[in-house]
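A quick write-up on the structure given underneath.
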Amino acid sequence: MKFLATFLSVLLAACAFAETAKIKNSHSDPRYGAPIEFSKVEGTKGTMALEISGGKLYALEDNGLSVYDISSPKQPKKIGFVKGMGNVRQLKIMGNVAFLTSRQCGLWSVDISDPSNPKILSHFDTAEMATGLDVADGYAFIGNRVFGVQCVDVSNPKKMKHVSSVVTQESQSVYYRDGIVYSGDWGAGEITAIDFSDPANPKIISKVKLDGYGDGIDVVGDFLYASTGQHKKSGPKELRHGAGHGLEIFDISDRKNPKKLSRVEFPKIYFGPCDFWTPRVSGNYCFASDTVNGVFLVDISDKSNPKIIGNFILPKIAPDDSSLKIIYKKILDPNIPQGDAVASIAVGDGVLYVAGNFTGIYMAEFPGIAKIPSKPAESSPERGAKFSPGKVEGFKALIADSSNPVRAVAVKGDLAYATASHNGVLIFNLADKNTPVVGHLKCGYATDVKISDNILVVAEGFDGVGIYDISNAPAASKKGGFTPREIARIPRERLWRGFAQNVWAFDGCKFIGASTAGPAIWFFDISGKNPRPALSQNGSQLLYNDYGARRLASGKYFGLNRHCGGRMIFDLSGAKPKMTFYDDYPLCSQTGSVAAFGDKLITMCRGGYAFDDPKNPAPNKDLKRHPFPGGDKLPKVADDSSSRARAEFPQGSDEGLAMYDEHSKKLAVANRVHGVVGVYDFSEPENPKLLGKYKMPSNAGVPDFYKGRVLVPCGYAGLMIQE
């Protein structure tokens, strides 16, 4: 009877809404409940996240932050907007400040004290691909994908500071409750519970397996609700593809020993580009969004036996603007019911607000069911926690800054050029034992730096790529106060999403490369006064990091790995760059790059490394994989290149961002995820030797060398120089 009453209440709600509803689109299979009518909030555009606070609906809409007055819940009225924060993802409100993650563009704080005029307060350079987000009592907890969960002190939103990080298996969404952060770990299909009661010293206290890939989480009382998607983790392998969609409920009364109570299944589909799933609990009901599958209303009054009682699917094309539509042919196919991906949901007063990734904001009425949740009083994390980098034996640390991490370093002569985020590029004299700063490039933001002869190339985020003359650096730096002179710029408009994250430049080469952490690498000819586009090359998966070689093999070949997407080789010796090899069979996850090794390339390869001849490259499957000396046993990998195999690719702790020094015959490899740097003697390539392995206090970038000494850009711990 209770189920029937619930079912009827949903139908009555739909009928009550029928006067204004214009959309009725749902799964016809009765297993997914009755159809629920809904409508579009007219004029809204593609939206990634929704959050309700203080009678306002906040939306990451149209690549910015929108504010809606919802004092009349069924008639949201847009009152404010601000943009300019990049690849926005998730959103949380704390008092008069909105915090939002933006993948490669980090964490942003926005002043919303005047909702009609939101203003950007500051930007914080996160450890990596900032995706998941929750905030609690002056701290932000950020899911940085394979780089784990990061804690940031946001008590002063104008000057946010790194506190700590803990590695998990690809954190996509996070949820804070009573000192514990729960992380929805994507490809691993796990919920990781982390004790952050002491924010400077987080500790993993439990892990539970999901029967699909992990993402969104909600916690109410002693129960955790976890959304899953993509591929199933159990059952016959041939039946797992696309079958991982669902909602799982756990009893977490014992925080260290969660117990799975139940699971409900949503329709089977595999759609890789939009992988986000979110549960939101309201009383005895859970609204569960499941990307292109839409939204499901689940009766959770019996936690051991939840029931789907209703569903709806967003349209493929916005009803109020035909230019707003999902961009993928598969979903546009009229023969499948799925529509625009639901990126987020927010429970309002009798209304559910729904974020359509491409087509805008929607709402459905749920009188008596949808109620704005209020978090109960809970314990707060310890106040005033600070990052303590400590010491690394054999290394000296320079310019440690918990607000401005050092991501990259490039050496020319006796000078080292280190990016320092919003502090620009700092220039150090390595010949002086005190390693003083002898120059400074003051740019708004600097994330990567490379050198081509006497030209400094800097990735400057939204300011594009800066190109600077450093020909007089040695003489000028002796006098102090050396400033590189800008001679050219590649504007943001020439790059996908307008954000320069990585660059590559080489002595004796007129071409430079640039990446935005997207699918393409761009090459520009910088031989003239104005850089000219020379080649744009897309590939499988994304260029999440600095995966390209720092030198050219044989003076002409540039090697580039792709995150779970194989490798590319380019010939940069001709009139135009030319891709000479591309095999997208996966070699490494988000940790491995390529290094020039004389006339060969050394590539990270399934937890180890492999040599290859760029003039006659071998297929990826045929590369001979070697373990690093003194390292871990080579991990097993699936012998295929399926979407599941790519997503579940093992993260070898020895492979990483590599640099080979031809003078000292040393290879340095920095595993950015785990912060471990291995230094090896490769004077006998067939018999390399481990010289040292160093655990860095922060995420390490691509190393460089100075007279046989290793330099490591070490994030919030600054620039590390081997003594």
Side-chain angles (χ1 to χ4, degrees), residues 86-87 102-107 123-130 142 144-148 150 152 160-162 165 387 389 395 397-411 416-428 440-451 456-466 499-505 513-517 543-548 550 563 590-591 593 656-659 668-677 696-704 710-721:
N87 194 9
S102 189
R103 299 280 276 183
Q104 63 268 48
C105 307
L107 175 70
H123 167 249
F124 175 78
D125 207 351
T126 54
E128 206 50 66
M129 303 295 285
I142 301 161
N144 285 315
R145 303 300 298 241
V146 300
F147 295 83
Q150 181 178 10
V152 178
M160 299 182 279
K161 298 179 180 181
H162 168 77
S165 286
F387 171 59
F395 281 81
L398 304 174
I399 60 168
D401 186 336
S402 59
S403 294
N404 293 293
V406 174
R407 284 182 171 269
V409 65
V411 176
Y417 300 78
T419 63
S421 190
H422 295 287
N423 281 339
V425 179
L426 298 177
I427 306 166
F428 296 87
H440 187 194
L441 172 59
K442 297 179 181 179
C443 51
Y445 175 75
T447 182
D448 194 15
V449 60
K450 302 292 195 308
I451 294 173
L456 188 75
V457 182
V458 184
E460 298 181 17
F462 293 123
D463 291 329
V465 177
F499 186 88
Q501 185 186 39
N502 288 111
V503 290
W504 295 274
S515 166
T516 66
L543 293 173
Y544 279 150
N545 214 296
D546 191 352
Y547 300 142
R550 297 287 296 269
H563 149 58
Q590 296 176 35
T591 53
S593 71
L657 306 174
M659 175 68 178
V669 181
N671 186 291
R672 185 163 170 75
V673 172
H674 297 283
V676 175
V677 175
M696 296 293 166
S698 187
N699 303 98
V702 182
D704 207 343
V710 180
L711 285 79
V712 180
C714 198
Y716 311 101
L719 179 64
M720 309 291 287
I721 302 177

For the atom pair [atom1] ([X]) and [atom2] ([Y]), what is the distance rounded to the nearest 0.5 Å?
| X | Y | atom1 | atom2 | result |
| --- | --- | --- | --- | --- |
| Leu426 | Leu719 | CG | CG | 9.5 Å |
| Thr516 | Gln104 | OG1 | CD | 6.0 Å |
| His674 | Met696 | NE2 | CE | 15.5 Å |
| Asp401 | Phe387 | CG | CZ | 10.5 Å |
| His563 | Met129 | NE2 | CE | 9.0 Å |

4.5 Å side-chain heavy-atom contact, [X] and [Y]:
| X | Y | value |
| --- | --- | --- |
| Glu128 | Asn699 | no |
| Gln150 | Leu107 | no |
| Asp125 | Asn404 | no |
| Leu711 | Phe428 | no |
| His422 | Tyr445 | yes |
| Ser403 | Lys161 | yes |

State whether the side chain of [X] and the backbone N or O of [Y] hold a donor-acceptor pair below 3.5 Å, judged by distance alone.
| X | Y | answer |
| --- | --- | --- |
| Ser593 | Gly548 | no |
| His162 | Phe124 | no |
| Thr419 | Val449 | no |
| Asn144 | Phe147 | no |
| Tyr716 | Pro389 | no |
| Asn87 | Arg103 | no |

Would you name the heavy atoms of [X] and [Y] that are closest together and state the gap between them?
| X | Y | answer |
| --- | --- | --- |
| Asp704 | Val411 | OD2-N, 3.0 Å |
| Leu657 | Pro703 | O-CD, 3.4 Å |
| Cys714 | Pro697 | SG-CD, 4.0 Å |
| Ser698 | Ala717 | CB-N, 3.9 Å |
| Cys105 | Gly86 | SG-CA, 3.8 Å |

Evaluation steps, side chain to side chain contact (heavy atoms under 4.5 Å, CB included), between Leu441 and Ile427: CA-CA 8 Å; Leu441 172 59; Ile427 306 166; 5.5 Å; no

For the residue pair [Y] / [X], report whether a side-chain donor-acceptor contact shorter than 3.5 Å exists.
| X | Y | value |
| --- | --- | --- |
| Asn545 | Gln590 | no |
| Asp448 | Trp504 | no |
| Asn502 | Tyr547 | no |

Test side chain to side chain donor-acceptor pair (under 3.5 Å) applied to Asp546 and Lys450, Gln501, Arg672, the passing residue: Lys450

